[in-house]
There are 2 protein chains.
Amino acid sequence: MISTKDKILNEAEKLFAEQGFAETSLRMITAKADVNLASVNYHFGSKKKLIQAVFERFMDTITQDITSEMDKLDAAHGRDLSNIQISEVLQLLKQPIKNLDQLRPDGAGVFMNLLGRSYAETQGHIRRFAMDKYSQTFNRFISYLQASCPQSDASEIFWRLHFMLGSFIFSLAGHRALQEIAESDFNQSVSIEQIIDKLIPFMTAAFAHN
Amino acid sequence: MISTKDKILNEAEKLFAEQGFAETSLRMITAKADVNLASVNYHFGSKKKLIQAVFERFMDTITQDITSEMDKLDAAHGRDLSNIQISEVLQLLKQPIKNLDQLRPDGAGVFMNLLGRSYAETQGHIRRFAMDKYSQTFNRFISYLQASCPQSDASEIFWRLHFMLGSFIFSLAGHRALQEIAESDFNQSVSIEQIIDKLIPFMTAAFAHN
DNA sequence: TGTACATCAGTGAACGCGCGTTCACTGATGTAC
DNA sequence: TGTACATCAGTGAACGCGCGTTCACTGATGTAC
């Protein structure tokens with residue numbers, strides 16, 4: 001039996017991604033989840049904390065997967081990362097994103113939507129919380145990026161990483177609209193995986209320049 | 001004297017960009033603009049139409065500027081676009097974005113914020129309206145991109161353009177947060193123009209690959 | 001094994017509040033004859 | 001030039017509605033002695 005808490009989390013996740021945090025009311029969530037309205041405040045305390053819990057569940061999964069991919073990379077290079085390739089570093093993101101997509105229906109799209117909305121948030125309280133909790137994984141990933149781009153200094157890597165983040169969030173969060181256009185204009189049906197497979201070489205070339 | 005209608009537009013623009021559409025109430029806007037609450041519905045009909053008007057004012061400006069940059073490019077190449085460079089095509093975006101920034105305080109950030117929020121919108125009604133009204137400029141820009149990337153077919157250009165859009169929107173809409181991090185972590189103060197100057201070569205390299 | 005009490009998961013109804021919108025109205029300016 | 005009427009820009013107050021949150025309560029399960 002799926003618990004009331006998880007029922008709420010599951011429906012909240014979908015609705016937040018589809019409509020945004022402010023546009024989704026607790027009444028919508030509890031109606032879809034078929035639970036009592038007051039149970040949200042019972043289990044989570046407030047709407048704000050529910051948003052954070054939804055975000056955290058996704059982030060925990062993906063950081064774990066990214067960490068295990070980084071461990072694999074370490075093993076493959078025998079801890080000597082001096083001749084690591086950017087393509088390898090970016091490629092490491094693929095499986096974790098694909099896993100998200102299998103974890104739940106349209107998981108990758110939902111997560112990227114959530115991530116984008118969290119960044120757009122007024123007082124960035126999710127961003128700050130994420131920086132705290134996930135900084136270790138984040139910084140480790142940056143160190144691989146630096147190892148593979150010896151020509152770029154730390155600040156340059158920082159900017160490029162965020163340019164890349166923008167592309168990933170924007171094109172995966174809005175993948176449905178893009179897929180529809182690709183379908184109608186070019187008669188071409190493209191999966192999430194294929195989008196990632198276009199994104200990674202595109203970003204690899206961008207990181208490699210200079 | 002600045003008209004009531006413009007006072008509303010000016011304040012709405014700022015508040016929408018800072019907090020989002022749903023989070024900004026007509027009462028906040030009219031209080032800041034120092035006009036009567038009912039005047040929003042008098043001049044615009046509804047909150048939804050006000051959002052559209054704010055968006056349109058920015059889009060009209062930037063499409064006009066982009067068009068005139070494209071005219072310049074035509075003139076420089078004597079209408080023969082066969083050996084046009086990607087760097088030229090992307091560079092053409094710089095001045096229009098800079099103009100936005102001078103048009104109003106933090107104009108570029110505000111506009112990119114609005115653009116991002118419009119894309120995230122539930123039923124994409126702004127996206128559809130924009131496609132209609134600005135498709136001519138949009139398609140013309142795509143044709144330059146295609147001329148400069150003869151190795152890529154139309155669908156490939158389409159995907160790359162949206163990857164780029166994501167980077168621009170994400171990093172300019174969130175430029176303040178990024179600037180703060182760059183300041184504190186690298187002791188480096190970066191202007192909007194400098195961000196664009198990092199973005200353009202980054203994207204140029206990405207477009208050029210294959 | 002039985003009783004008493006505590007904790008947990010959940011519920012139904014109500015709370016006050018801020019929201020977008022509407023409406024009847026005012027006063028200034030423009031137009032027709 | 002004067003009068004009548006129409007249009008325009010704006011206003012103050014109220015409308016009903018949906019929101020997040022709270023509260024007193026229930027019933028099941030767990031724990032202590």
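In the text below, chain A, chain B and the rest are named by the order of the sequence lines, each starting its count at 1.
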Tell me every residue that passes side-chain contact (heavy atoms from CB on, under 4.5 Å) with A:Ala22, counting only those two or more places apart in sequence or in another chain. B:Ala22, B:Glu23
Residues in contact with DNA chain C, drawn from residues 8-15 of chain A - heavy-atom cutoff 4.0 Å: none
Could you list the residues that satisfy salt bridge (charged side-chain N to carboxylate O under 4.0 Å, His left out) with A:Asp185, not counting sequence neighbours? none
Kindly state each residue pair satisfying ring pair (Phe, Tyr, Trp, His ring centres under 6.0 Å) with at least one member in residues 15-45 of chain B, sequence neighbours excluded. B:Phe16-B:Phe21
Residue pairs, two or more places apart or on separate chains, that pass salt bridge (Lys or Arg N to Asp or Glu O under 4.0 Å) and touch residues 129-143 of chain A: A:Glu56-A:Lys133, A:Asp60-A:Lys133, A:Asp71-A:Arg140, A:Asp74-A:Arg140
Would you give a per-nucleotide map of nucleotides 7-20 of chain C, 5' to 3', where B means the base has a protein non-hydrogen atom under 4.0 Å away, S means only the sugar-phosphate does, and - means neither? -SBBBB-B----BB
Here the helical stems involving DNA chain D, each at least 3 consecutive Watson-Crick or G-U pairs closer than 3.5 Å, sorted by first residue number, are C:2-33 with D:2-33
For B:Arg27, enumerate each residue passing the salt bridge (charged side-chain N to carboxylate O under 4.0 Å, His left out) test, keeping only those at least two apart in sequence or located in another chain. none
Gap separating the CG atom of A:Leu165 from the CG atom of A:Leu161, nearest 0.5 angstrom: 5.5 Å
Name every donor-acceptor pair, under 3.5 Å, that has one atom in a side chain of residues 90-97 of chain B and the other anywhere in the protein, sequence neighbours excluded.
unit_1: B:Lys94; atom_1: NZ; unit_2: B:Glu193; atom_2: OE2; d: 3.3
unit_1: B:Lys94; atom_1: NZ; unit_2: B:Asp197; atom_2: OD1; d: 2.9
unit_1: B:Lys94; atom_1: NZ; unit_2: B:Asp197; atom_2: OD2; d: 3.3
unit_1: B:Gln95; atom_1: NE2; unit_2: B:Asn99; atom_2: OD1; d: 3.0

Non-neighbouring partners of A:Glu69 that pass salt bridge (charged side-chain N to carboxylate O under 4.0 Å, His left out), sequence neighbours left out: A:Lys72
Find every protein N or O atom lying less than 3.5 Å from an N or O atom of nucleotides 25-27 of chain C, and list the pairs.
none

Just to verify, what does B:Asp153 make a salt bridge (charged side-chain N to carboxylate O under 4.0 Å, His left out) with, not counting sequence neighbours? none
